[in-house]
**Q** 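Provided herewith is a single structure, encoded as structure tokens, for subsequent inquiry.
Just the heavy atoms: all of them, side chains too, but no hydrogens, waters or symmetry mates, feed the values below. Chain identifiers are assigned alphabetically (A, B, ...) following the order of the sequence lines, protein sequences preceding nucleic acid strands; residue numbering begins at 1 within each chain.
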Number of protein chains: 2
Amino acid sequence: MERRTPQRDAVRGVVEGARRPMSAAEIHEAAAGALAGIGIATVYRTLKAMLDAGEIVLVSLPGDTPRYESAALGHHHHFHCRACGMVFEVAGCPPGLARLAPRGFAVDGHEVILYGRCRGCA
Amino acid sequence: MERRTPQRDAVRGVVEGARRPMSAAEIHEAAAGALAGIGIATVYRTLKAMLDAGEIVLVSLPGDTPRYESAALGHHHHFHCRACGMVFEVAGCPPGLARLAPRGFAVDGHEVILYGRCRGCA
DNA sequence: ATAGATGCAAAGAGTTTGCATAGGT
DNA sequence: ACCTATGCAAACTCTTTGCATCTAT
């Protein structure tokens, strides 16, 4: 991320402005709205650089393409609605997570995904 | 899964015998040990059928290809070592998971992944 | 005998990379 | 001016599909 370019501004603008994790294709499409002609390869390269820089976080849901979201949202988890497929943010963590690991294992992070039906689909 | 074939027996044998979630390529390689010449397409078709039948479960770790494991292992979670990449099973669940969801959301399942260093790498 | 299952190879989807050019500093 | 970043297209990886053949029932 050495240089500031319109392409990187566009990608960053999309991801930082999103309230849900977006796929590379969604980010590309949205970024193209702000900057016509931006290439998908540039989107991938920018996302990779932002991941390495810790600006964004990779969110991977089983059976789905990877998604990305702003690291500025802070630590949180996700709720995946089985009916409509939407992904919602979930605040807070369950307690005692690190204690689940076997003896001698050092836990330094975790991911939690809840499944079910969102308010609209329940 | 209408017919019982040597190929399906081989794939089932590998997955049921594994103590960790395996990728399609790993399953193919292991199955080829028991049944030389088995095709990768057959492995994918068999895994899909077993998933649909509920015999196996899909385990997806961020930034990794999908893995599969026996549903007979029962409900458990995973520990992903950042150093060696190995995946270990974790027994038990954190309490109060369903309470994390927003009001009106119905939680019927969850996934927990722990990250860190395994005993050997810590 | 018959319909489902297999293996191969081609097709698809998603992601990465090589290279000449554009453009930020 | 220099050197990184871009866009395009090709390459790659993983997974699915079409089709002729084989095989479990």
**Q** From NE2 of A/His28 over to P of D/dT6, roughly how many Å is that when rounded to an integer?
**A** 12 Å
**Q** Would you call A/Arg12 and A/Glu55 a salt bridge, taking side-chain N to carboxylate O under 4.0 Å as the test?
**A** yes
**Q** Charged N to carboxylate O under 4.0 angstrom, A/Glu26 versus A/Arg20?
**A** yes
**Q** Tell me: CG of B/Leu47 to P of C/dA5, nearest whole Å?
**A** 15 Å
**Q** Starting at the 5' end of nucleotides 16-25 of chain D, put B wherever the base has a protein heavy atom under 4.0 Å, S where only the sugar-phosphate does, and a dash everywhere else.
**A** BBB----BBS
**Q** Can you tell which of B/Val15, B/Val59, B/Val57 makes a side chain to side chain contact (heavy atoms under 4.5 Å, CB included) with B/Pro21?
**A** B/Val59
**Q** Mind calculating the distance between CD1 (A/Ile27) and P (C/dT15) to the nearest angstrom?
**A** 10 Å
**Q** Please lay out, stage by stage, how B/Leu58 and B/Leu51 fare under the test side-chain contact (heavy atoms from CB on, under 4.5 Å).
**A** CA-CA 7 Å; B/Leu58 181 64; B/Leu51 276 176; 4.1 Å; yes
**Q** D/dA5 P sits how many Å from A/Arg12 CZ, rounded?
**A** 12 Å
**Q** Quick one: A/Met50 CE to D/dA5 P, roughly how many Å, whole number?
**A** 14 Å
**Q** Verify the distance criterion only: is there a donor paired with an acceptor across the side chains of B/Thr42 and B/Gln7 at less than 3.5 Å?
**A** no
**Q** Would you say A/Gln7 reaches D/dG7's phosphate, i.e. side-chain N/O to OP1/OP2 under 4.0 Å?
**A** yes
**Q** Among C/dT15, D/dT6, C/dG7, which nucleotide has an atom closest to any side-chain atom of A/Arg8?
**A** D/dT6
**Q** Which pairs with one or both residues in residues 88-110 of chain B pass ring-ring contact (aromatic ring centres under 6.0 Å, His included), sequence neighbours excluded?
**A** A/Phe79-B/Phe105, A/Phe88-B/Phe105, A/Phe105-B/Phe88, B/His75-B/His110, B/His77-B/His110
